[in-house]
2 protein chains.
Amino acid sequence: MTEPRWLDPLEMRIWRGFLEASLRVDQRLDASLKEAAGLTLEDYEVLVALSESEGRRLRMSELSAWLLHSQSRLSHRIDRLERRGLVRREKCPEDGRGLLAVLTDDGFAELVAAAPGHLGDVRGALIDLIEPAEREVVANVLERIVAANRDPDTQTGIGQAARS
Amino acid sequence: MTEPRWLDPLEMRIWRGFLEASLRVDQRLDASLKEAAGLTLEDYEVLVALSESEGRRLRMSELSAWLLHSQSRLSHRIDRLERRGLVRREKCPEDGRGLLAVLTDDGFAELVAAAPGHLGDVRGALIDLIEPAEREVVANVLERIVAANRDPDTQTGIGQAARS
DNA sequence: CCGGGGTGGTTGAAAATTCAATAATTGAAT
DNA sequence: ATTCAATTATTGAATTTTCAACCACCCCGG
């Protein structure tokens, strides 16, 4: 109950900026992708993950972990992509419980068609806005944030972990 | 049309880091807030916006613009908050079309109760991870990103924005 | 071989979001 | 006054996400 240390102006700029930048970049990329290719940014990420994997296939559980989504959410999403013919499910040979999401040729083709435009959006919305001299700092900060917020919840003194 | 310039390793670290950091920070704050106060991060943002406004009230349209949400989405969200008694609607005296979302005393109390814990989370998940020497750069970059992705018009010229 | 405990994934219903259509009001032009 | 276009917000249906229950299979100990 002690008086919390409030955010000073610089900290507030970072916090608000982070929140708004995330939203805006996401909204812009999503809208652009949807209009140009009929794909959600999430759909696109699914296709990317599969296309970069051995045999263009991935276990459902690995894919959901990579996407930072629940298995249920992924399952429904794959349903929709499968209905559109961009992905199909295959039984996992090594583990009878498992399923593989496999990128179809159609799916790969849609990815290839969408990629250049999307790449341009990523540059326009984010990358080209960061000066070369700033890039190393930004990359390091982002990676530190990712690491600190990775699942192993028992994070280093999060200041207020003592509140079951 | 031309061969797209792919992302180099540093650019890729930034892009991936940005995407993952956004998701992780959001998920963590949302989970923490939900557990500690029964509020979504979005609910919380609604209460904050109202609490900081004249008379703790705001036009629906202003609120939705501030939150970067559609009016429909806000309307449904206010339905839920109103059902819980944290917010109520009032007719706008100056414009018969308008409605004001007004923060109730209960709503303000919940905000006050949730704020210290949330503030700690924001520090733990984001602010404290950025070295003092890095902060100015980070704030500037984020604000540049926000500005470049603000609604005005679809800066279709993906190549690059205005070169000053 | 059999029985548990744990993992991988799906399912369906509930909750939230999006999308298109609608109603009410304003401001401006006729 | 009256009409017309634009603005404000809500509504309900379709889509998507979340949540909890569930099934099938793996692994391991008896």
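Numbers restart at 1 for each chain; the letters A, B, ... are given by sequence-line order, proteins then strands. None of the values given here were measured: they were computed from a predicted structure.
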Side-chain touch A/Leu99/A/Ile78, heavy atoms, less than 4.5 angstrom
no
Quick check on DNA chain D: between A/Glu94 and B/Asp95, whose nearest nucleotide comes earlier from the 5' end?
B/Asp95
Any donor-acceptor pair under 3.5 Å between the side chain of B/Arg97 and the base of D/dT7?
yes
Nearest-angstrom distance from the residue atom CZ of B/Arg73 to C1' of D/dT11
18 Å
Between CD of A/Glu82 and P of D/dT16 the distance, given in whole Å, is 15 Å
Distance test, side-chain N/O of B/Arg89 to OP1/OP2 of D/dA9, below 4.0 Å
no
5'-most contact on DNA chain D: A/Arg83 or B/Arg59, nearest heavy atom basis?
B/Arg59
Under 3.5 Å donor-acceptor pair, A/His76 side-chain atoms to D/dT15 base atoms:
no
Interatomic distance where CG belongs to B/Leu100 and P belongs to D/dT8 [whole Å]
13 Å
Tell me: CD of A/Glu42 to C1' of D/dT15, nearest whole Å?
13 Å
Check against side chain to side chain contact (heavy atoms under 4.5 Å, CB included), B/Leu19 and A/Glu45:
CA-CA 11 Å; B/Leu19 224 48; A/Glu45 293 291 333; 3.5 Å; yes
Paired with C/dC2 by Watson-Crick or G-U wobble geometry, both distances under 3.5 Å: which nucleotide is it?
D/dG29
Quick one: B/Arg88 CZ to D/dA9 P, roughly how many Å, whole number?
17 Å
In plain terms, say whether A/Arg89 and A/Asp79 are close enough for a salt bridge, that is, a side-chain N and a carboxylate O under 4.0 Å apart.
yes
Kindly write out the residues that satisfy side chain to side chain contact (heavy atoms under 4.5 Å, CB included) with A/Ser53, not counting sequence neighbours, or none if the list is empty.
A/Leu58
Once you round it to whole Å, what is the distance between P of D/dA9 and CG of B/Leu74?
9 Å
Could you list where the contact with chain A starts and ends along DNA chain C, reading 5' to 3', using a 4.0 Å heavy-atom cut-off?
C/dG6 to C/dG12
Integer-rounded Å distance: D/dT15 C1' and A/Arg77 CZ:
11 Å
Rounded distance (Å) that lies between atom P of D/dT15 and atom CG of A/Leu39:
17 Å
Could you tell me whether the side chain of B/Ser72 has a donor or acceptor atom within less than 3.5 Å of a complementary atom in the base of D/dT11?
yes
To the nearest 0.5 angstrom, please state how far the CG atom of B/Asp30 sits from the CD atom of B/Glu42.
8.0 Å
Would you tell me if any nitrogen or oxygen in the side chain of A/Arg80 comes within less than 4.0 Å of OP1 or OP2 on D/dT17?
yes
Could you give all pairs that pass the side-chain hydrogen bond (donor to acceptor under 3.5 Å, both in side chains) test and reach residues 54-68 of chain A, with sequence neighbours left out?
A/Arg57-A/Glu90
Return whichever of A/Lys34 or A/Gln71 has its heavy-atom-nearest nucleotide of DNA chain C closer to the 5' end.
A/Gln71
Got a salt bridge between A/Arg16 and B/Glu143, using NZ or NE/NH1/NH2 to carboxylate O under 4.0 Å?
no
